[in-house]
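Residue numbers count from 1 along this sequence. Each ligand, and each atom within it, is numbered from 1 in the order the structure gives.
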Amino acid sequence: MSNPKTPSLLRVGIVVTLAGVISLSLVLLWYSPSNRCPPPAYKPDQYIQISSVESNNSLTETVEEKPILLLWVWPQDYRFDFSDCKKFYNIDNCQLTDDRSLYNNADNVIVYHRDIRWDLSNLPPSPRPGFQRWIWLHLESPTNTIKIPGLENLFNLTLSYRQDADIPVRLRLTTTKKPNEDFVIPKKDKLVCWIVSNNAASTGVGTRNGFYQELSKHIQVTLFGKAYARFLDYKDYYPTIASCKFYLAFENSVHKDYITEKINGPLVAGSVPVVLGPPRRNYENFVPGDSFIHVNDFPDAKSLADYLHQLDKDEDAYRKYFNWRKHLTPAPHLILQTQEFILAICTACDHVGRHKEYKEAHDIYDWYFS
Ligand SMILES: *[C@@H]1O[C@H](CO)[C@@H](O)[C@H](O)[C@H]1NC(C)=O
Ligand SMILES: *[C@@H]1O[C@H](CO)[C@@H](O)[C@H](O)[C@H]1NC(C)=O
């Protein structure tokens with residue numbers, strides 16, 4: 001049977017179907033993700049949920065929420081990869097970021113003292129969220145600290161080499177129960193060594209330079225470092241110290257707890273540190289009393305030189321300075337200049353991951369300079 005209307009009806013049907021298919025595909029195209037879409041804005045909460053879904057399909061699983069730690073400025077513009085905290089110190093319990101757009105969500109903000117402008121114009125904005133803690137990061141000794149007015153009562157936590165800081169920064173020796181028997185004192189071809197990078201008088205180096213002048217009259221000291229135009233490549237740092245029987249670990253200024261990586265180098269490398277800094281008792285809070293020689297143990301530089309000469313000839317007496325290694329292990333510190341703040345920032349990360357308590361840090365200068 002032929003119906004004259006059939007062909008046109010068919011045509012209408014085809015057109016309608018086609019139109020439907022086209023619009024449907026357009027709609028589908030519209031909603032399908034494409035490369036042209038910008039990546040979704042980063043939201044920490046979302047991030048945490050996704051990772052929980054990935055690790056376990058059940059959303060009821062309790063998720064440890066890592067606090068956000070915002071680094072407001074990169075100290076001295078020394079940048080590093082935040083994953084270094086995990087890599088070097090196995091620290092992974094906060095969410096480190098330098099993205100200021102997360103400010104309102106940041107649980108903690110690190111502010112580096114030396115980079116704060118005199119007019120305070122580059123501080124994070126106020127008022128801060130009620131849950132947010134500001135962390136004062138400063139690693140220089142009081143001698144090398146400029147009091148920027150207006151910071152006295154702004155912070156919640158102090159991050160410093162001082163042991164009584166809210167977050168003390170220090171690589172500590174670790175104990176090992178199983179005795180370590182395989183330590184061998186490295187081969188020595190130098191008696192006393194000293195690496196000096198900054199000898200500017202303004203850094204308070206008068207004491208150590210005076211002592212060095214006197215000491216070098218009585219014993220040969222091999223000098224390295226920028227200050228003496230004998231620059232040491234970073235890769236030579238530990239091997240060079242290892243090749244010296246004694247190493248001068250002289251701090252630039254003398255303050256409680258101001259005991260820097262200068263003593264860690266020889267302890268790690270297998271040399272005996274001769275320290276100048278706070279009293280022996282203070283050192284013994286961090287390293288064993290029989291692992292170093294303190295300049296204050298001697299009435300003057302000549303007596304110290306005599307003692308070092310004597311140890312040089314007495315292998316057994318020298319060896320006793322390494323007895324501590326049997327049950328203690330030192331950790332090498334990072335030596336590149338650009339790595340100077342990694343330990344401090346990672347230590348802060350570890351701290352805020354474990355401590356959420358309320359805290360106000362008042363009169364920070366009274367504390368710091370006392
Ligand atoms: C996921 O979570 C459920 C419920 O808490 C638990 O029973 C299951 O063992 C978990 N599976 C994995 C792979 O962790
Ligand atoms: C942080 O310290 C400031 C200044 O003392 C204080 O006003 C604020 O309440 C403190 N906040 C927290 C969460 O500790």
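Numbered from 1 in the order shown, with element, the atoms of ligand 2 that lie under 4.0 Å from a heavy atom of Arg133 read 12 (C), 13 (C), 14 (O). Less than 4.0 angstrom separates some heavy atom of Arg128 from each of these atoms of ligand 2: 1 (C), 2 (O), 3 (C).
Here the protein heavy atom with the shortest distance to atom 1 (C) of ligand 2 is Asn156 ND2, 1.5 Å. Among protein heavy atoms, the minimum distance from atom 4 (C) of ligand 2 is reached at Asn153 O, 3.6 Å. The single protein non-hydrogen atom nearest to atom 5 (O) of ligand 2 is Glu360 CG, 3.5 Å, given as residue, atom name and distance. Scanning the protein for heavy atoms near atom 6 (C) of ligand 2, the closest one is Tyr358 OH, 3.8 Å.
Outside the 6.0 Å centre-distance limit, the rings of Tyr161 and His255 are not counted as a close aromatic pair. Between His113 and Tyr368, the gap from one ring centroid to the other reaches at least 6.0 Å. In this structure, Phe224 has its ring center no closer than 6.0 Å to that of Trp194.
Look at Gly130 and you'll find a heavy atom under 4.0 Å from some atom of ligand 2. In this structure, Glu357 falls outside the shell of residues with a heavy atom less than 4.0 angstrom from ligand 2.
In this structure, the side chains of Pro142 and Tyr258 stay at 4.5 Å or more apart for every pair of heavy atoms.
If you look at Phe131 next to ligand 2, the close heavy atoms, those under 4.0 Å, all belong to the backbone.
A donor-acceptor pair under 3.5 Å links the side-chain atoms of His327 to the main chain of Thr176, judged by distance alone.
Looking at Arg79 and Asp77, a side-chain N of the basic residue comes within less than 4.0 Å of a carboxylate O on the acidic one, giving a salt bridge.
In Arg281, the CZ atom is not crowded: 12 or fewer heavy atoms of neighbouring residues, nucleotides or ligands sit closer than 6.0 Å.
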